[in-house]
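In what follows, a structure is listed as structure tokens, so that the remarks can point back to it.
Atom set for the values below is all heavy atoms of this structure, side chains included, hydrogens, waters and symmetry mates excluded. Numbers restart at 1 for each chain; the letters A, B, ... are given by sequence-line order, proteins then strands. The structure presented is a predicted model; accordingly, all values stated were derived computationally and were not measured.
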Amino acid sequence: MLDIKRIRENFDEVAEGLRRRGADVALAERARDLDQQRRALVTQTDELKTLRNSRSKEIGALKKSGQDTTAVQADVRAIGDQITALDSQLRGVEETLETAMLSIPNVPCKTIPTGPDASANRVAKVEGVAPIYAFKPLDHIALGEKLGIFDLPRGVKITGSGFPLLLGAGSKLQRALVQYMLDLHTEQHGYTEMLPPFVVNTASMRGTGQLPKMAEDMYHCEIDDFWLIPTAEVPVTNYFRDEIIDRPLPVYLTAYTPCFRREAGSAGKETRGILRVHQFDKVEMVKFVEPETSYAELETLVVNAEDVLKGLGLHYRILELCSGDISFSAAKCYDIELWAPGQQGWLEVSSCSNFEDFQARRLNCRYRDATGKTRLVHTLNGSGVALPRLMIALLEQFQQADGSVLLPEALRPYMRGVERLVPAQ
RNA sequence: GGAGGGGUGUCUGAGUGGUUUAAAGAACCGGUCUUGAAAACCGGCGAGCCGCAAGGUUCCGGGGGUUCGAAUCCCUCCCCCUCCGCCA
């Protein structure tokens with residue numbers, strides 16, 4: 001959510017930002033008008049409430065001295081009726097304003113490239129080179145079948161399409177990757193590990209911005225009104241919802257969780273294998289920082305995610321997303337993509353964003369600055385990283401002529417000495 | 001799931017319809033005193049909104065109601081505690 005004061009006082013700057021991302025400026029105009037109405041109504045009701053409070057006290061004093069109060073009571077009742085009428089009018093205005101505010105996306109950072117869609121993204125960095133093979137590289141589905149590490153048909157039987165089932169060395173590898181990433185972030189990057197609930201309430205989903213817009217894309221337990229998390233960002237960022245953070249900033253948190261996404265409307269598109277699934281594992285990083293430092297923190301967040309891939313010796317690239325391609329809540333975002341030789345394409349495994357105070361405002365998450373004044377924090381998050389596509393790139397990049405997959409050294413301790421995955425006979 | 005007891009500011013905790021403008025204590029911050037500290041004493045000390053300001057207003061778990069007036073009474077939901085039941 002944007003600051004209404006920013007819309008009120010710097011409307012042109014906000015409008016310019018919204019245009020850059022291709023968003024509708026009309027909503028911001030509407031918000032500006034509703035805000036004006038709201039303030040007029042607040043002033044009016046506050047004055048009436050002052051009057052009611054003082055007249056009500058008179059009644060108390062009169063009663064104490066045994067005098068008649070019917071006339072004053074009638075007066076106060078009339079004031080009360082006015083207040084009720086104005087209050088309900090005010091509530092209507094506030095609700096409409098709130099709805100408008102929740103639908104206005106963040107203003108993009110001034111420095112990011114301007115463009116309508118992914119075609120305007122800027123390649124910020126390429127690390128390593130694509131491996132060259134003396135044979136035709138297989139894709140992860142063929143490799144997985146040979147190695148016997150997936151059993152997707154049985155996943156379909158047990159649940160449905162998009163619910164992958166890993167088996168034997170596959171599930172062990174997944175577990176090893178999770179351990180490797182969590183250890184890296186906690187031991188080298190200063191994050192505190194958290195194992196949060198995988199199911200959250202509606203207030204949490206609203207806090208990080210999944211609701212109201214993404215309801216169709218999530219799994220909902222109707223009886224309890226609980227939601228399955230689509231990313232660890234939700235429970236981890238909501239850790240400090242409605243709080244004034246009582247510890248020194250920055251705070252770095254990391255968590256492994258499964259993620260559940262209905263992916264409504266995406267059936268048939270990129271759904272082969274484990275490229276796009278309804279349930280997958282991910283390690284996420286979340287930062288709560290002082291506003292002045294958030295852009296520097298974004299750079300180190302990206303480095304933290306990169307280190308995961310660098311440590312595994314993978315070929316990847318980093319994109320700086322343009323104004324038309326960043327997500328609703330983000331002011332600036334980097335994507336990290338891994339090279340997948342089997343399908344000759346790049347796979348997005350991480351998205352690192354600075355939300356500035358956009359999330360903090362709807363989360364009501366604040367801190368005390370050096371002078372003791374409460375201010376909204378800046379929040380950031382980044383995947384560190386998503387498992388299925390990491391698994392795909394790992395299998396495809398490290399495949400050998402004999403059909404085996406050589407595991408990077410960093411993983412071997414977590415694989416209890418296993419150095420390569422070999423085809424089942 | 002059933003029965004009972006609770007939810008008040010950073011914490012403890014008073015308050016059962018009108019000087020509550022939410023007592024008091026603790027913690028914390030500043031000051032006096034002191035060589036320094038402690039103690040003692042003095043002062044300060046929640047958040048949001050409106051307002052240039054003075055100031056006003058809202059918030060006692062959430063929502064709704066009764067009343068001239070609600071922390072206080074009623075309804076409802078959530079959470080915590082104790083006991084019972086069920087259960088990995």
So [Y] and [X], do their side chains get closer than 4.5 Å, heavy atoms only?
X	Y	answer
Thr202(A)	Met205(A)	no
Ile336(A)	Leu319(A)	no
Phe398(A)	Leu407(A)	no
Leu167(A)	Leu165(A)	yes

What distance, rounded to whole Å, do you find between the two [atom1] atoms, one in [N] and one in [M]?
N	M	atom1	value
A47(B)	G61(B)	C1'	16 Å
U16(B)	G4(B)	P	24 Å
A23(B)	A71(B)	C1'	13 Å
U10(B)	C29(B)	C1'	13 Å
C87(B)	G2(B)	C1'	16 Å
G85(B)	G25(B)	P	47 Å
C79(B)	U21(B)	C1'	31 Å
U20(B)	C59(B)	C1'	15 Å

Expressed in angstrom and rounded to an integer, what is the separation of [X] atom [atom1] from [N] atom [atom2]?
X	N	atom1	atom2	answer
Asp35(A)	C49(B)	CG	P	12 Å
Leu41(A)	C50(B)	CG	P	13 Å
Phe240(A)	A47(B)	CZ	P	19 Å
Asp242(A)	G9(B)	CG	C1'	16 Å
Asp75(A)	U67(B)	CG	C1'	16 Å
Asn201(A)	G63(B)	CG	P	15 Å
Ile244(A)	G46(B)	CD1	C1'	8 Å
Leu48(A)	C50(B)	CG	C1'	14 Å

Report summary line: Nearest heavy-atom contact between Ser161(A) and Val156(A) is CA-CG2, 3.9 Å
Query raised in the report: Within the pair Arg91(A) and G63(B), is there a side-chain N or O less than 4.0 Å away from OP1 or OP2?
Result: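 Looking at the OP1 and OP2 atoms of G63(B), neither is under 4.0 Å from any side-chain N or O of Arg91(A).
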Query - Side-chain N or O of Arg39(A) closer than 4.0 Å to phosphate OP1/OP2 of C49(B) - result: no
Requested in this report: Find the distance between CE (Met181(A)) and OG (Ser383(A)) and round it off to the nearest 0.5 Å.
Outcome: 10.0 Å
Query - Reported CG-to-CD distance for the pair Leu166(A) and Gln174(A), which is rounded to 0.5 angstrom - result: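 Rounded to the nearest 0.5 Å, the CG-CD separation comes to 5.0 Å.
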Requested in this report: Describe the nucleic acid contact of Arg361(A) in one word from base, sugar-phosphate, nothing, applying a heavy-atom distance below 4.0 Å.
Outcome: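 No contact at all - Arg361(A) keeps every heavy atom at 4.0 Å or more from the nucleic acid.
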Query raised in the report: Using a cut-off of 4.0 Å on non-hydrogen atoms, how would the nucleic acid contact of Thr70(A) be classed: base, sugar-phosphate, or nothing?
Result: nothing
Report summary line: By nearest-heavy-atom nucleotide on RNA chain B, the more 5' of Val72(A) and Glu94(A) is Glu94(A)
[X] and [Y]: side-chain donor and acceptor closer than 3.5 Å?
X	Y	value
Thr300(A)	Lys287(A)	yes
Glu243(A)	Tyr367(A)	no
His220(A)	Asp225(A)	yes

Atom pairs, protein N/O to nucleotides 16-20 of chain B N/O, distance under 3.5 Å:
{"residue": "G18(B)", "atom": "N2", "partner": "Ser56(A)", "partner atom": "O", "Å": "2.9"}

Requested in this report: Give me the one residue out of Ser294(A), Cys352(A), Ser350(A) that meets side-chain contact (heavy atoms from CB on, under 4.5 Å) with Leu301(A).
Outcome: Cys352(A)
Report task. Among Glu297(A), His189(A), Met285(A), find the one that has a side-chain contact (heavy atoms from CB on, under 4.5 Å) with Tyr252(A). Result ->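 It is Glu297(A); the other options fail the test.
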Report summary line: The contact string for nucleotides 55-62 of chain B, one letter per nucleotide 5' to 3', using protein heavy atoms under 4.0 Å with B, S and - for base, sugar-phosphate only and none, comes out as -BSS----
Report summary line: Annotated structure of RNA chain B as dot-bracket, pair cut-off 3.5 Å, Watson-Crick or G-U only, | for inter-strand, is ((((((((.[[[..)..(.....]]].(((((.......))))).(((((....))))).[[[[[..)....]]]]])))))))....
Query - Stepwise side-chain contact (heavy atoms from CB on, under 4.5 Å) check, Trp227(A) with Leu211(A) - result: CA-CA 10 Å; Trp227(A) 304 81; Leu211(A) 288 177; 3.8 Å; yes
